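In what follows, residues are counted from 1 in the order of the sequence shown. Both ligands and their constituent atoms are indexed starting at 1 by order of listing. Predicted model only: the values in this text are computed from it and were never measured.
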Amino acid sequence: MEIAVIGAGYVGLTTAICLAHLGHEVRVFDLIPEKIDSLKEGSLPIFEPGLEQMLQEGIQSGKLQFFSNLPETLKGGKVTFLCVPTPQDEDGAADLSHVLSAAADCSKWLEPNSILATKSTVPVGSALRLEDSVARHDVHVVSNPEFLREGSAINDFLYPDRLVIGTRSREAAETMLQLYSQVQAPKVVTSPESSELIKYASNAFLAIKLSFANDIAALCERTGGDVSQVMHGMGLDSRIGPNFLKAGPGWGGSCFPKDTRALISISARFGLSMPIVDAALESNEKAHKRMVDTVMEQLGGSLEGKKIAVWGIAFKANTDDFRDSPALAVISRLKRRGAIVTAYDPKAKAKNDNFKRAESALEAVEGADALIVLTEWNEFQDVNAEQVRRLMAGNAILDCRSILNSAIWRKSFNNFRAVGMHA
Ligand code: UDX
Ligand code: UDX
C-alpha cells in the first residue's frame, strides 16, 4: 500500500520505517529540510535501537523515501499518517495547533478516497475537528493511536498488544486492517472518540500503576520491605499483572506527563474531575523529592556545597530522549538545595545550568560526595565498584533504578541505598 507519513520524529520514523519493512511504499515529510537530507543519507536523527539499520534497508529496497515537499509526499498515498507533536499548552491541555495546521496543509493534496490517520495523541473529539480542518468529503479521518515505548519502539510496532482503529466508516476500517494484515494482534475497531480515549486512558492508567509502585517503595524504605519482591508478589496475581511495576525516581518522557495533564484538562472541560490521575501526578513529584531527601539524609542533612555525581539523564534507558526526564527533575532539586552536580549519560545530550556534563561514568564520580543512579543504562552495571570508591571523596550511593548489584556495591560502600529498600 502507498503510505505518507507527516512528521519525522520518534513516532513518525518508527511508523514509516516499520511499514516499509512490512513491504509498504512509504513517503515521509518533515518541515525541517536538514532532517530530511540526513535521513536520505540513511542517518537517523534520534537514537532508537535497531532503527537506523532498518532505515538503511528501507532506503536500499526503495520502499522508503523522504521529502521536504508536501504534494510530492502525498502523491498516491492511500493512508496519510499525522505524526506531528501535540505538546501541552499552559493549562496542561494538548496543543492541537500542529495537528490542525498539518491537516489543513495536506488537505489540498490528499488523494481522493484516502485516509488521514492520526498517530499523534489527540484529545477526544479531535477527529471531528480534523474533518473540519481537512474539509473533504472524500477523505476519511481515522484515529490510530501509537503505543510505542521509546527504546523498544520497533518491537512495539511489529508485535503490539493490540491495534486500535477509530472510525465510523467500514471502508476506512477495512483499509486500515489491510494495511496491518501482517501484524498479529487483537484489532479493536471502534468510534474515533473511543479510540482517542483508549490512548489517554491507557497512558494515565500506566502512570497510576507506576505511582502506586513508587508509593509502596516509600513505605518499603521505612518498614524493611523490598519493593521489587513486593511488586513480584503482587504482579503474579493475574488481575494485576507483572509489567510496569518497577519502582524508580518517578516516571517521565514525552507522553505520561503531558497525557495525564491533558486527560485532567479534557475532563475539566466536561465538568468532571480525575482525582486518581491528580494523585498519580502528585505522587510523581513526591518521588522526585524523596530521592533528594534520601541522598541529603545520607550526607548528614545538608546538600549545600556537596558534590553529587549523577549517572543517567535520559528519561529511561535505550533512548537519547530527555523530555520531562525524572533525572532532570531530581538534578534541578539537588541544585536548589545547593549541590554541585556532574552528570553523565551515554546518549542523552541535555545541557542546562543545573549541572556539568561528564564524558564517562568514571569521570562523573571524581571527587564526588555521593553518586545517584537515575537512568537504568546497562553500562552502569559493568562499572567496577571498587574503582568508583577510589575516585569518589565520599561513600554515599543512591541507586534509584535498582540496577547495581547491591551485594557487590555494599562491600565497597557502607552508605549504599536503593529505591524501595530499607537502609
Ligand atoms: C509523537 C506524537 O506526535 C505525540 O502526539 C505523541 O504523544 C508522542 O509522540 P514525537 O514523534 O515524539 O511525537 O515528536 P517529535 O519527535 O517532536 O517529532 C515531530 C516531528 O514533526 C518533528 O521532526 C517536526 O519537525 C515535525 N513537524 C512538526 C512537521 O513535520 N510538521 C509540523 O507541522 C510540525
Ligand atoms: C509511553 C507508553 O508506554 C507508550 O505506550 C506510548 O504511548 C508512548 O508513551 P515511553 O514514554 O516511551 O512510552 O516509555 P515507557 O516505557 O512507558 O516509560 C515511561 C516512564 O515510566 C519512564 O520514565 C520509565 O522509566 C518509567 N517506568 C516504566 C518505570 O519507572 N517503571 C516501569 O516499570 C516502567
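- Among V310, I331, L334, the single residue meeting the side chain to side chain contact (heavy atoms under 4.5 Å, CB included) criterion with F355 is I331.
- When only interatomic distances are considered, the shortest N/O to N/O separation between V84 and ligand 1 falls below 3.5 Å.
- Taking the side chain as every heavy atom from C-beta outward, L19 and F81 approach each other to under 4.5 Å.
- Considering only heavy atoms from C-beta on, F256 stays 4.5 Å or farther from D259 through its side chain.
- Using a 4.0 Å cut-off between a side-chain N of Lys or Arg and a carboxylate O of Asp or Glu, R357 and E363 do not qualify as a salt bridge.
- Contact annotation for A8 and ligand 1: only backbone heavy atoms (N, CA, C, O) come within less than 4.0 Å of the ligand.
- Here is the list of ligand 1 atoms found below 4.0 Å of a heavy atom in K35: 22 (C), 23 (O).
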For ligand 2, which of its N or O atoms have a protein N or O partner closer than 3.5 Å, and how long is each gap?
from, atom 1, to, atom 2, distance (Å)
ligand 2, 7 (O), K199, NZ, 3.3
ligand 2, 7 (O), N203, OD1, 3.3
ligand 2, 7 (O), N203, ND2, 3.2
ligand 2, 12 (O), E150, N, 2.7
ligand 2, 14 (O), K316, NZ, 3.3
ligand 2, 16 (O), K316, NZ, 2.8
ligand 2, 23 (O), G252, N, 3.0
ligand 2, 23 (O), F315, O, 2.9
ligand 2, 25 (O), F315, O, 3.4
ligand 2, 25 (O), R401, NH1, 2.8
ligand 2, 25 (O), R401, NH2, 3.4
ligand 2, 31 (N), K246, O, 2.9
ligand 2, 33 (O), K246, N, 3.0

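- Geometrically, K347 engages F47 in a cation-pi contact defined by less than 6.0 Å to the ring centre and at most 45° from the axis.
- Counting atoms of ligand 1 from 1 in the listed order, those under 4.0 Å from a heavy atom of I32 are 25 (O).
- At a 3.5 angstrom cut-off on N or O pairs, T86 counts as close to ligand 1.
- Scanning for side-chain hydrogen bond (donor to acceptor under 3.5 Å, both in side chains) contacts around R269 gives an empty result, with sequence neighbours left out.
- With sequence neighbours excluded, no residue forms a salt bridge (Lys or Arg N to Asp or Glu O under 4.0 Å) with E111.
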When the side chains of residues 21-29 are checked against the rest of the protein, which donor-acceptor pairs come out under 3.5 Å, sequence neighbours left out?
from, atom 1, to, atom 2, distance (Å)
H24, ND1, M1, N, 3.1
H24, NE2, L179, O, 2.9
E25, OE2, K63, NZ, 3.2
R27, NH1, E72, O, 2.4

